A.B. asks: 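Dumping the structure here so I can ask a few things about it.
Keep in mind it's a predicted model, so treat the numbers as computed, not measured.
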Amino acid sequence: MANFAKPSAPRFSVEVYQNEFLPAGGRDVHAIVTVTSTGGATATRALGRDAAVVIMVDCSGSMEYPPDKMRGAREATAAAIDTLRDGTAFAVVAGTHVAKEVYPGRGGLATAGPDTRAQAKEALRGLGAGGGTAIGTWLRLADGLLRQSTATIRHGVLLTDGRNEHEEPAVLRATLDSCAGRFTCDARGVGTDWEVKEVTGIASALLGSADIVADPAHLAEDFTRMMENAMGKEVADVALRLWTPVGAEVRYVKQVSPSVQDLTDRRTAAGPRAGDYPTGSWGDESREYHVCVRVPGASVGQEMLAARASLVLPGPPGGPQPPLAQGLVRAVWTDDLAASTAISPQVAHYTGQAELAQAIQQGLEARKMGDVDGATAKLGRAVQLASVSGNADTARLLAKVVDVVDAVAGTVRLKAKVADADEMTLETRSTQTVRVKKT
């Protein structure tokens, strides 16, 4: 493990957990790369001017049914504004089938302070519901506003209560592609009439979090927590760079903690034999990534460096980019059967967590399609995995969808009646994982 940091900057570290031993001819190397950032918040907490935030509030007609959704959205946005650090650039956007800047309303961003916070909250009083839903227009306006800022941390918060019915799916996908890498975005669905895959897809594309707030009365609490997290970010656009030697190739890269996020297809070239995978903005936190590298088969006694994992920041084109931290993934071929067949506890744990997320999603989909046997099998497997890994939060959510007969064996019965909010909460939070148990 190596660390490199500038004075008063966040300090990054990389730890690699793996079983490096392969049988003769073995080719796939698995490793969990743990990345930790510490010490940045204390040094730069006062520098609110290094952050820019746009809050996008759904103001479509459905937000008035029931009226507490619109009221909750206004209160939540006000709470988020109160949480902004002084000096933070910010704006509020009202989203319907078009996007409109509510505050400051001059095609730019305001600077957070006592006066602008008060003015922004006063402007929220004028938020009303009416019109359709075209989320791509909201994101494009937010992107245009954020691009005017020189802030390092650029972040969006998006709230919706319905489906993206007034925009073609291809338009939203293209918008997300164009916004990716320019800002991060947390997405929230309020009530139970929105589409889980749309909200989670927005958060996934823009490297943010997604969640459900079934009761509008809890929006202010959620928005405050979201904004506190955003204000805790100190360094943006960090990439996980993987270098592999000739003959080796990266099969996949997945963030596996605090949630499952497949980054494989987001690779961008970073010089000979190297590729960068985006990780977004960081504060004081730790995340873990599952890396699988395919190496050339070799005979017993040989060993090689399978990959070098580094954390890097953007630099001038062609210029040097010293790593913030780095770790090594190794491959060693052996005829010791016990050594070559052992699975790293970290790799085993997060492989199970990824399978848990997939089993929940497939089980819920089978349930929606009326496939009782398929849903029972998948959700039973999910209950089993949640029990083995100690994922108590997911286990509690599963118990609202199935009756658990035997958690260890994965024996369950589908509940005859399930509240929409319970099913949507399970689906939305299916990718949230628990850290590996320390032994």
Side-chain angles (χ1 to χ4, degrees), residues 44 47-59 73 76-77 80-96 98-113 116-117 119-120 123-124 127 134-160 164 167 171-188 199 201-210 223 226-239 266 268 278-283 313-314:
T44 58
L47 299 181
R49 58 184 171 79
D50 204 34
V53 177
V54 175
I55 304 170
M56 293 160 273
V57 183
D58 191 338
C59 292
T77 304
I81 290 168
D82 280 336
T83 311
L84 294 169
R85 290 201 304 266
D86 284 350
T88 301
F90 76 102
V92 179
V93 168
T96 58
V98 295
K100 178 183 177 182
E101 189 182 352
V102 175
Y103 184 83
R106 301 184 302 273
L109 298 164
T111 301
T116 55
R117 286 194 193 90
Q119 292 165 7
L124 294 178
L127 281 183
I135 295 175
T137 65
W138 315 354
L139 292 165
R140 288 193 293 275
L141 177 55
D143 183 35
L145 292 168
L146 290 168
R147 290 175 75 178
Q148 298 178 37
S149 173
T150 59
T152 302
I153 307 297
R154 300 170 305 281
H155 190 73
V157 171
L158 186 148
L159 174 70
T160 185
N164 197 42
E167 186 174 60
V171 174
L172 178 57
R173 285 196 299 270
T175 299
L176 291 171
D177 288 343
S178 67
C179 293
R182 290 211 282 261
F183 66 95
T184 56
C185 184
D186 293 323
R188 294 293 185 267
V199 170
I202 291 166
S204 175
L206 301 180
L207 299 175
S209 66
F223 268 46
M226 262 197 299
M227 196 57 70
E228 286 174 345
N229 183 61
M231 291 294 96
K233 302 299 184 184
E234 306 297 342
V235 57
D237 303 326
V238 179
R266 302 193 189 189
T268 57
T279 69
S281 302
W282 287 73
L313 291 173

A.B. asks: Taking the side chain as every heavy atom from C-beta outward, state whether Thr83 and Arg117 have any pair of such atoms under 4.5 Å apart.
C.D. replies: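 Counting from C-beta outward, Thr83 and Arg117 never come under 4.5 Å.
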
A.B. asks: What's the spacing between Leu158 CG and Asp58 CG if we round to 0.5 Å?
C.D. replies: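 The CG atom of Asp58 is 8.0 Å from CG of Leu158, to the nearest 0.5 Å.
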
A.B. asks: Kindly determine whether Val238 and Leu313 satisfy side-chain contact (heavy atoms from CB on, under 4.5 Å), including the steps that lead there.
C.D. replies: CA-CA 5 Å; Val238 179; Leu313 291 173; 3.7 Å; yes

A.B. asks: Could I get the full list of side-chain contact (heavy atoms from CB on, under 4.5 Å) partners for Ala99, not counting sequence neighbours?
C.D. replies: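 In terms of side-chain contact (heavy atoms from CB on, under 4.5 Å), with neighbours along the sequence ignored, Ala99 is linked to Val93, Thr137, Trp138, Leu141.
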
A.B. asks: Just verifying a value: how many Å separate Leu139 CG and Cys185 SG, rounded to the nearest 0.5 Å?
C.D. replies: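 If I round to the nearest 0.5 Å, the distance is 6.0 Å.
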
A.B. asks: Does the side chain of Thr279 come within less than 4.5 Å of Leu207's, by heavy atoms?
C.D. replies: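 Sidechains of Thr279 and Leu207: no contact.
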
A.B. asks: Any idea which heavy atoms bring Gly108 and Ala91 closest together, and the distance?
C.D. replies: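 Smallest interatomic distance, heavy atoms only, reads O-CB, 4.1 Å.
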
A.B. asks: Tell me, do Pro104 and Leu109 make a side-chain contact under 4.5 Å, heavy atoms counted?
C.D. replies: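 No, their side chains stay 4.5 Å or more apart.
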
A.B. asks: Go through the steps to decide whether Val54 and Phe90 satisfy the test side-chain contact (heavy atoms from CB on, under 4.5 Å), and finish with yes or no.
C.D. replies: CA-CA 5 Å; Val54 175; Phe90 76 102; over 6 Å; no

A.B. asks: Which pair of heavy atoms, one from Phe183 and one from Gly156, lies closest together, and at what distance?
C.D. replies: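 What the structure gives for the nearest pair is CD1-N, 4.1 Å.
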
A.B. asks: Would you say Ser281's side chain and Lys233's backbone share a donor-acceptor pair under 3.5 angstrom?
C.D. replies: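 No; zero donor-acceptor contacts below 3.5 Å.
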
A.B. asks: What are the two closest heavy atoms between Val57 and Ala73, and how far apart are they?
C.D. replies: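 Heavy-atom minimum between the residues: CG1-CB, 3.9 Å.
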
A.B. asks: Could you name each residue pair satisfying salt bridge (charged side-chain N to carboxylate O under 4.0 Å, His left out) that touches residues 172-185, not counting sequence neighbours?
C.D. replies: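 Pairs touching residues 172-185 that pass the test: Asp143-Arg182.
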
A.B. asks: Using only atom types and a distance under 3.5 Å, with no angle test, would you say the side chain of Glu167 pairs donor to acceptor with the backbone of Gly136?
C.D. replies: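 Side chain of Glu167 to backbone of Gly136: a pair is present.
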
A.B. asks: I'd like to know if Asp237 and Arg154 make a salt bridge, using a cut-off of under 4.0 Å between side-chain N and carboxylate O.
C.D. replies: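 The answer is yes: the pair qualifies as a salt bridge.
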
A.B. asks: Distance from Ile55 atom CD1 to Leu159 atom CG, nearest 0.5 Å?
C.D. replies: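 These two atoms lie 10.5 Å from each other.
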
A.B. asks: Decide side-chain contact (heavy atoms from CB on, under 4.5 Å) for Gln119 and Tyr103; before the verdict, give the C-alpha distance in whole Å, the side-chain angles of both, and the deciding distance to 0.1 Å.
C.D. replies: CA-CA 8 Å; Gln119 292 165 7; Tyr103 184 83; 2.7 Å; yes

A.B. asks: I'd like to know if the side chain of Gln148 and the backbone of Gly107 have a donor-acceptor N/O pair within less than 3.5 Å.
C.D. replies: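 Side chain of Gln148 to backbone of Gly107, a donor-acceptor pair under 3.5 Å: yes, one is there.
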
A.B. asks: Tell me if a side-chain donor or acceptor on Thr88 pairs with a main-chain N or O of Leu84 at a distance below 3.5 Å.
C.D. replies: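 Not confirmed, Thr88 side chain does not pair with Leu84 backbone.
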
A.B. asks: Who passes salt bridge (charged side-chain N to carboxylate O under 4.0 Å, His left out) against Glu101, sequence neighbours left out?
C.D. replies: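 Listed in chain order: nothing, the list is empty.
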
A.B. asks: Within the side chain of Asp186, is there an N or O that forms a donor-acceptor pair under 3.5 Å with the backbone of Ser209?
C.D. replies: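 Yes, because the side chain of Asp186 sits within donor-acceptor range (under 3.5 Å) of the backbone of Ser209.
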
A.B. asks: In Å, rounded to the nearest 0.5 Å, how long is the span from CG of Asn229 to NE2 of His155?
C.D. replies: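 Going from CG on Asn229 over to NE2 on His155, the span is 7.0 Å.
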
A.B. asks: Decide yes or no on side-chain contact (heavy atoms from CB on, under 4.5 Å) for Val199 and Arg188, but give the supporting numbers first.
C.D. replies: CA-CA 7 Å; Val199 170; Arg188 294 293 185 267; 6.0 Å; no

A.B. asks: Looking at Gly113, is its backbone amide N or carbonyl O close enough to the side chain of Thr116 to form a donor-acceptor pair, meaning the two atoms are under 3.5 Å apart?
C.D. replies: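 Checking the backbone N and O of Gly113 against the side chain of Thr116, a donor-acceptor pair under 3.5 Å is found.
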
A.B. asks: Minimum heavy-atom separation for Cys59 to Leu127, with atom names?
C.D. replies: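 Of all heavy-atom pairs spanning Cys59 and Leu127, the closest is SG-CD2, 3.7 Å.
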
A.B. asks: Going by heavy atoms in the side chains, are Ile81 and Leu124 under 4.5 Å from each other?
C.D. replies: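 A side-chain contact under 4.5 Å exists here.
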
A.B. asks: Do side-chain atoms of Asn164 reach the backbone of Ile135 as a donor and acceptor pair under 3.5 angstrom?
C.D. replies: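 Side chain of Asn164 to backbone of Ile135, a donor-acceptor pair under 3.5 Å: yes, one is there.
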
